[in-house]
There are 2 protein chains.
Amino acid sequence: MAAETATGRRGPYRTGIRRKEQIVSAAIDVFGEFGYAGGAIRNIAERVGVSHAALLQHFGSKEGLLMAVLQEWDRRTVENGLAELSGLDYFLALPDVMAAHTTQRGLLELFTTIAAEASSPTHPAHEYVRQRYSTNLATLAQHLQQAAAEGQIRAMGMSEIETEVRLVTAVLDGMGLQWLLDPRTDIRAAVEAYVTRSIAAWRFHSV
Amino acid sequence: MAAETATGRRGPYRTGIRRKEQIVSAAIDVFGEFGYAGGAIRNIAERVGVSHAALLQHFGSKEGLLMAVLQEWDRRTVENGLAELSGLDYFLALPDVMAAHTTQRGLLELFTTIAAEASSPTHPAHEYVRQRYSTNLATLAQHLQQAAAEGQIRAMGMSEIETEVRLVTAVLDGMGLQWLLDPRTDIRAAVEAYVTRSIAAWRFHSV
DNA sequence: GTCTATAGACTGATAGAC
DNA sequence: GTCTATCAGTCTATAGAC
């Protein structure tokens with residue numbers, strides 16, 4: 001690591017950034033396992049091999065670290081490949097995306113734990129999670145409307161679209177939790193069955 | 001309350017039981033809002049108006065209180081009226097049951113928060129939650145098989161039944177979370193749409 | 001059955017040396 | 001940038017009085 005600092009002017013920054021990434025990565029695991037309230041900064045720090053004071057120097061406070069973790073969550077969400085898809089293709093990719101999550105248990109634990117914990121209005125991540133769900137549902141609705149505009153499925157009313165995107169979201173969240181509780185769960189098969197049946201219903205008949 | 005103790009020999013017990021019920025009820029709210037790790041015994045105690053030492057005298061430890069809360073969760077689950085239903089009627093009642101949950105936000109918060117928190121194998125309620133999901137899924141599977149035996153729906157293979165009951169569970173859990181995050185969410189409509197479509201799929205065609 | 005007092009460990013955060 | 005040392009607060013749990 002000291003060698004990197006010798007590679008150029010930006011070397012010192014690079015080690016600092018690297019360290020912060022390590023800390024955020026460890027924080028994902030700890031917050032995922034114990035929740036935000038139950039996760040200790042000292043625990044995170046010692047996993048990376050630094051003192052908790054050094055950690056706080058980077059992020060200012062525990063809540064600052066949480067925000068950094070949430071941003072990393074956003075960043076990795078963009079990386080899952082869904083951004084390039086639209087219309088029905090978006091929904092058809094969901095089983096693969098969900099199956100991919102099983103290779104990163106820590107991140108899925110973070111999703112599930114923080115989302116549930118933040119359902120309380122007093123939680124520091126409450127507004128963030130609300131916003132995230134709101135935009136997520138809007139994105140799904142947009143893809144559904146696009147699929148209808150392209151004639152892939154029938155046209156739907158606003159309230160029906162909301163029901164559909166909320167159900168898809170519920171299935172993804174709920175199946176993720178069941179996989180965490182029992183990793184033998186075949187969430188890929190379940191999500192695939194759900195998506196297939198939903199699209200069939202969107203094509204031909206109402207409800 | 002002192003009057004109750006004068007009503008008979010069992011008076012003293014009655015006040016003790018009453019107190020324990022009050023504590024468990026407060027614990028549901030606190031564990032629901034802050035999680036088990038984040039919820040403080042002192043907070044629970046002062047809501048009931050007793051010292052935290054008195055609380056621990058009743059339940060032995062914080063974990064003992066958690067177990068009492070989980071038992072109460074079981075007890076209230078039995079009371080929701082689903083126990084008397086079987087076959088397809090069981091699934092048809094789910095929208096009403098879910099709508100009823102919105103009148104008891106504390107309990108729904110507890111479900112959601114504890115289940116997510118307990119997905120970590122180190123959580124004291126991990127085995128309990130695993131067991132609960134396991135028996136819950138088995139019950140749903142049983143009702144599905146009975147519906148098939150009575151000719152209400154077509155026969156299904158074992159893996160298809162597992163997929164179906166896991167999806168129903170995921171929808172209930174996921175919609176509950178969305179309602180907690182945004183109470184304007186019409187979970188009744190969503191669950192009803194899901195159940196209706198599922199039963200239609202179970203009747204006529206596979207997948 | 002409930003209280004006060006307290007032990008003992010852990011929490012997040014800060015100060016100052018290097 | 002990282003450390004040690006430390007603070008003030010909170011946590012669960014226990015001891016003993018009433």
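A note on names: the letters A, B, ... follow the listed sequences, proteins ahead of strands, and every chain is numbered from 1.
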Does a salt bridge link [X] with [Y], judged by any charged N lying under 4.0 Å from a carboxylate O?
{"X": "B/E21", "Y": "B/R18", "answer": "no"}
{"X": "B/E164", "Y": "A/R197", "answer": "yes"}
{"X": "A/D29", "Y": "A/R105", "answer": "no"}
{"X": "B/R166", "Y": "A/D186", "answer": "no"}

Reckon [X] touches a base, only the sugar-phosphate, or nothing at all at heavy-atom distances under 4.0 Å?
{"X": "B/G39", "answer": "sugar-phosphate"}
{"X": "A/G49", "answer": "sugar-phosphate"}
{"X": "B/G64", "answer": "nothing"}

Open item on the list: Is the distance from the ring center of B/H123 to that of A/F34 below 6.0 Å?
Closed with: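 No, ring centres 6.0 Å or more apart.
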TODO: Assert yes or no for the condition that the ring centre distance of A/F31 to A/W73 is strictly below 6.0 Å.
DONE: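 No, they do not, as the ring centres are separated by 6.0 Å or more.
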Give a yes or no on whether the backbone of [Y] and the side-chain of [X] come within a donor-acceptor separation of less than 3.5 Å.
{"X": "B/R130", "Y": "A/L181", "result": "yes"}
{"X": "A/H52", "Y": "A/I41", "result": "no"}
{"X": "A/H143", "Y": "A/G87", "result": "yes"}

Rounding to an integer number of Å, can you tell me how far [X] [atom1] sits from [N] [atom2]?
{"X": "A/F34", "N": "C/dG12", "atom1": "CZ", "atom2": "P", "value": "12 Å"}
{"X": "A/E46", "N": "D/dT2", "atom1": "CD", "atom2": "C1'", "value": "16 Å"}
{"X": "B/F31", "N": "D/dC11", "atom1": "CZ", "atom2": "P", "value": "12 Å"}
{"X": "A/F59", "N": "D/dT2", "atom1": "CZ", "atom2": "C1'", "value": "15 Å"}
{"X": "A/H58", "N": "C/dG12", "atom1": "NE2", "atom2": "P", "value": "17 Å"}
{"X": "A/E63", "N": "C/dA13", "atom1": "CD", "atom2": "C1'", "value": "14 Å"}
{"X": "B/N43", "N": "D/dG9", "atom1": "CG", "atom2": "C1'", "value": "16 Å"}
{"X": "A/L55", "N": "D/dT4", "atom1": "CG", "atom2": "P", "value": "14 Å"}

TODO: For salt bridge (charged side-chain N to carboxylate O under 4.0 Å, His left out), just list the numbers for B/E79 and B/R76, CA-CA rounded to whole Å, side-chain angles, deciding distance to a tenth of an Å, and then say yes or no.
DONE: CA-CA 5 Å; B/E79 278 180 353; B/R76 297 200 191 176; 5.9 Å; no
- [ ] For the helix from C/dG1-D/dC18 to C/dC18-D/dG1, figure out the bend between the end axes, five pairs an end, and round to 10 degrees.
- [x]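 Between the axes fitted at each end of the helix from C/dG1-D/dC18 to C/dC18-D/dG1 lies an angle of 0°.
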Open item on the list: Nearest 0.5 Å, please: how far is CD in B/E150 from OG in B/S86?
Closed with: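 The CD atom of B/E150 is 6.0 Å from OG of B/S86, to the nearest 0.5 Å.
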Can you tabulate the close N/O pairs, meaning under 3.5 Å, that link protein atoms to atoms of nucleotides 14-18 of chain C?
none

Open item on the list: Regarding C/dG12, can its base be found pairing with the side chain of A/R42 as donor and acceptor, where the two atoms are less than 3.5 Å apart?
Closed with: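 Such a pair exists between side chain and base.
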TODO: List in numerical order all residues of residues 116-128 of chain A for which some heavy atom is under 4.0 Å away from an atom belonging to DNA chain C.
DONE: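 DNA chain C contact set from residues 116-128 of chain A: none.
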Open item on the list: Using side-chain contact (heavy atoms from CB on, under 4.5 Å), reason through A/L65 and A/I44 one step at a time and then give a plain yes or no.
Closed with: CA-CA 10 Å; A/L65 174 59; A/I44 298 168; 3.8 Å; yes
Open item on the list: For a quick test of reading the model: is some side-chain N or O of B/S51 closer than 4.0 Å to OP1 or OP2 of C/dT2?
Closed with: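 For C/dT2, neither OP1 nor OP2 has a side-chain N or O of B/S51 closer than 4.0 Å.
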